[in-house]
Amino acid sequence: MLSEKRVLVGMSGGVDSSAVCLMLIEQGYQPVGVTMRMWDAPSKFSIYNQDEPDYIVEARVLAQKLGFPHHVLDVRREFRAEVVQDFLDEYMGGRTPNPCVMCNLFFKWKYLLEMADKLDCHWIATGHYAKVKEENGIKYIEQGVDSTKDQSYFLWRLGQKELSRTLFPLGGLSKVEVKDYVIRHGFREKAQKSESMEVCFVEKDYRDFLREQIPDIDHRIGEGSFVDTQGRRLGKHKGFPYYTIGQRKGLEIALGYPAFVIKINPQKNIIMLGRKEDVFACQMSVSQVQVANLYDLSHPELKVRIRYRSQPISCRVRSVGEHQLLVDFTEEASAVTPGQSAVFYINERVVGGGIIDNPSELKRILKKE
RNA sequence: UGUCCCAUGGUGUAAUGGUAGCACAGCAGAUUUUGGUUCUGUUAGUCUGGGUUCGAAUCCUUGUGGGACAA
């Protein structure tokens, strides 16, 4: 039996995970720190020839100060092979991935739970702005109180197994309160550090990252055509992986009105452009669906979020196969993007999610009906 | 070959003798735990030479380039 007092804390070295450690101690838990080394981005090393990224050093220093053990889990190879490879494959297939969604379940929680077992910790905790609530014996993710920081969208893939052992101590706090809390506990410099210490592999522009990781990408794909909604050629583009649905900036084409990417055809390397109103959709199909309680999907207040930090929109869903849903929007939905997560909410609560399909899949379903 | 028309930022256009403006594109910043969106700011132009005029994108003329018609 694992110790209910011991908590494995995923520490990124930043203000959020520091607050988590402080709070857990205050609440009587015994934290054990772990920092996952996933990707060595150059910007994470402030000193030349330093053998560990800054955030690991910072996490270890904090654990020392607070008097609990700290471990480093080097998963660089696995991260490259799973999360980064999936990211690249998705773009090469003309889709727009959510690496954070992939990373959370298939990566962070997987390794955190393994490690928690080894280190005799019943709980794992992270600095995500989200809550875990239980109803009728089912654990649900709920939005964090600070709606501007809410991260529930990225967490939809966590299942009962993960949630039953997860603590999100920051879910009831705002970013400002977290910073105040950390300052009150004598870590002013942590609170003042610039945002985004989170481990992330794309430094600036994901296009540069693609070129770096797939050196022959331009040879493999190359230039293609922009066309209008009638299929007339408008100009040329640099290759479909460099674009995403709803994109306006960087198209380098002057049509007299703002143009948006409305469709990507990776087979023909053709990108369709249109006006703002052409980006709206009324339906989508969603695969890899995961729902804790199927009844939730027929709730009248059901809404779906089709990208991070956008308003959830009202919808009706029906099941069209194993782990596949057809979603009808009852409100305006803009730039439905294949590869992005569709996360279903009832008010604050995440009741499920899935991955948005290519439009061809939607067509196939409609034809079959 | 002849006649006519056109030429303004990167693109499309406005300004009929009086401060060259708009849209799109570009760039920069803000925002941001994916990509995108959004907001703010900003660069940049009268095809060439000559003339008329206080003053020329605008009128006259030379050349260059493009288009239409005629043959």
Side-chain angles (χ1 to χ4, degrees), chain A residues 10 12-17 36 38-39 41 55 83-84 86-105 107-108 126-130 143-144 146-157 168 170 175 178 194-210 226 228 234-237 240-264 271 273-281 305-311 313 332-343 353 355-356:
Chain A
S12 64
V15 60
D16 293 332
S17 58
M36 298 174 88
M38 299 192 276
W39 187 264
Y55 63 90
V83 178
V84 175
D86 175 77
F87 177 86
L88 301 175
D89 291 345
E90 286 286 279
Y91 271 112
M92 293 306 272
R95 295 149 62 84
T96 306
N98 281 132
C100 297
V101 169
M102 293 300 293
C103 180
N104 278 336
L105 177 65
F107 220 80
K108 283 186 191 158
T126 69
H128 286 91
Y129 286 80
Q143 291 185 17
D146 188 338
S147 61
T148 62
K149 286 284 159 188
D150 167 51
Q151 289 162 327
S152 57
Y153 176 83
F154 291 116
L155 298 168
W156 67 268
R157 284 211 140 166
F168 293 131
L170 306 188
K175 187 80 186 185
V178 169
S194 70
E195 201 67 42
S196 134
M197 269 307 292
E198 194 63 24
V199 183
C200 188
F201 55 97
V202 179
E203 291 272 75
K204 302 187 294 282
D205 191 330
Y206 81 90
R207 294 159 189 91
D208 293 332
F209 186 78
L210 291 182
F226 280 131
D228 66 13
L234 296 171
K236 67 176 183 190
H237 63 74
F240 70 83
Y242 300 136
Y243 302 86
T244 185
I245 306 294
Q247 176 178 346
R248 170 181 172 185
K249 287 284 165 192
L251 302 181
E252 295 176 310
I253 188 166
L255 300 177
Y257 56 87
F260 297 83
V261 172
I262 61 175
K263 216 179 266 183
I264 293 175
I271 292 177
L273 301 182
R275 292 165 188 269
K276 182 142 193 85
E277 59 266 28
D278 298 320
V279 186
F280 296 125
R305 194 176 247 172
I306 55 174
R307 62 172 54 73
Y308 178 56
R309 257 188 5 270
S310 70
Q311 280 302 313
I313 46 189
E332 197 171 72
S334 180
V336 176
T337 309
Q340 293 282 287
S341 288
V343 182
I355 306 284
I356 300 172

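Below, chain A is the first sequence line, B the second, and so on; all start at residue 1.
The base of B:G35 lies close enough to the side chain of A:T244 for a donor and an acceptor atom to sit less than 3.5 Å apart. Judged by distance alone with a 3.5 Å cut-off, no donor-acceptor contact links the side chain of A:Q247 to the base of B:U37.
Mapping A:G256 and A:T96 onto RNA chain B by nearest heavy atom places A:G256 at the nucleotide closer to the 5' end. Both A:Y91 and A:Y257 sit near RNA chain B, but only A:Y257 has its closest nucleotide nearer the 5' end.
A ring-centre distance under 6.0 Å is not found for A:F87 and A:W39. Taking the centre of each ring, A:F209 and A:Y91 stay at or above the 6.0 Å mark.
One atom, CG of A:L273, and another, P of B:A25, lie 11 Å apart when rounded to the nearest Å. Per the geometry, OH belonging to A:Y243 stands 14 Å off C1' belonging to B:G36, to the nearest Å. The OH atom of A:Y242 sits 21 Å away from the P atom of B:U34 (whole-angstrom rounding). Rounded to an integer number of Å, the gap from CG of A:L251 to C1' of B:U37 is 12 Å. Between the P atom of B:G35 and the OH atom of A:Y308 lies a distance of 11 Å, rounded to the nearest Å. Atom C1' of nucleotide B:G36 and atom CD1 of A:I271 are separated by 13 Å, given to the nearest angstrom. One interatomic measurement links the two molecules: CG of A:N98 to P of B:G36, which rounds to 13 Å at whole-angstrom precision. Distance NZ (A:K276) to P (B:C24): 13 Å, rounded to an integer number of Å.
Look at B:U13: its Watson-Crick or wobble partner, with both distances under 3.5 angstrom, is B:G21. Pair check for B:U53 finds none; no Watson-Crick or G-U wobble contact set falls under 3.5 Å. The partner of B:G29 is B:C39, judged by Watson-Crick or G-U wobble contacts that both fall below 3.5 Å. A 3.5 Å limit on both hydrogen-bonding distances identifies B:U1 as the Watson-Crick or G-U partner of B:A70. With a 3.5 Å ceiling on both atom-pair distances, the Watson-Crick or G-U wobble partner of B:U64 is B:A7. With a cut-off of 3.5 Å on both Watson-Crick or G-U wobble distances, the partner of B:U46 is given as none.
In this structure, the side chain of A:Q340 does not engage the main chain of A:A342 through any donor-acceptor pair within 3.5 Å. The main-chain N or O of A:R275 is found under 3.5 Å from a side-chain atom of A:D278 such that the two form a donor-acceptor pair.
Counting only heavy atoms from C-beta outward, the side chains of A:I356 and A:S341 never approach each other to under 4.5 Å.
For B:U11 and B:A68, the C1' atoms lie 24 Å apart once the distance is rounded to whole Å. To the nearest whole angstrom, the two P atoms, one in B:U16 and one in B:C60, are 15 Å apart. When the C1' atom is compared between B:U64 and B:A25, the two are found 28 Å apart, to the nearest whole Å. Going from the C1' atom of B:C24 to that of B:A14 covers 15 Å, rounded to whole Å. Distance check on atom C1': B:A20 versus B:G65 gives 23 Å, rounded to whole Å. As rounded to the nearest Å, B:A28 and B:G67 have C1' atoms that lie 40 Å from one another. Nucleotides B:A7 and B:U13, compared at atom C1', are 13 Å apart to the nearest Å. The P atoms of B:G9 and B:A44 are separated by 14 Å, rounded to the nearest whole Å.
At the heavy-atom level, A:P258 lies under 4.0 Å from the strands shown only through sugar-phosphate atoms. As judged by a 4.0 angstrom heavy-atom cut-off over every strand, A:F260 is placed among residues touching the sugar-phosphate backbone only. Within 4.0 Å of A:G339, counting heavy atoms only, lies no atom of the nucleic acid at all. Counting non-hydrogen atoms under 4.0 angstrom, A:S334 reaches nothing in the nucleic acid.
Remark: A:R207 is in phosphate contact with B:G36, judged by side-chain N or O atoms under 4.0 Å from OP1 or OP2. The phosphate of B:U34 (OP1 or OP2) has no side-chain N or O of A:R307 nearer than 4.0 angstrom. In this model, the phosphate group of B:A25 is approached by a side-chain N or O of A:R248 to a distance below 4.0 Å at OP1 or OP2.
In the set B:U34, B:U38, B:G35, the nucleotide with an atom closest to the side chain of A:Y206 is B:G35. Listed candidates were B:U34, B:G26, B:G35. Nearest to the side chain of A:E252 is B:G26. Considering only side-chain atoms of A:Y153, the nucleotide from B:U34, B:G36, B:C24 that sits closest is B:U34.
Of the N and O atoms on the side chains of A:T244 and A:T96, at least one donor lies less than 3.5 Å from an acceptor on the other residue.
A side-chain contact (heavy atoms from CB on, under 4.5 Å) with A:H128 is found for one member of A:D16, A:D150, A:N104, A:L170 and no other, namely A:N104.
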Worksheet item: Could you walk me through whether A:V261 and A:L273 pass the side-chain contact (heavy atoms from CB on, under 4.5 Å) check?
Response: CA-CA 5 Å; A:V261 172; A:L273 301 182; 3.9 Å; yes
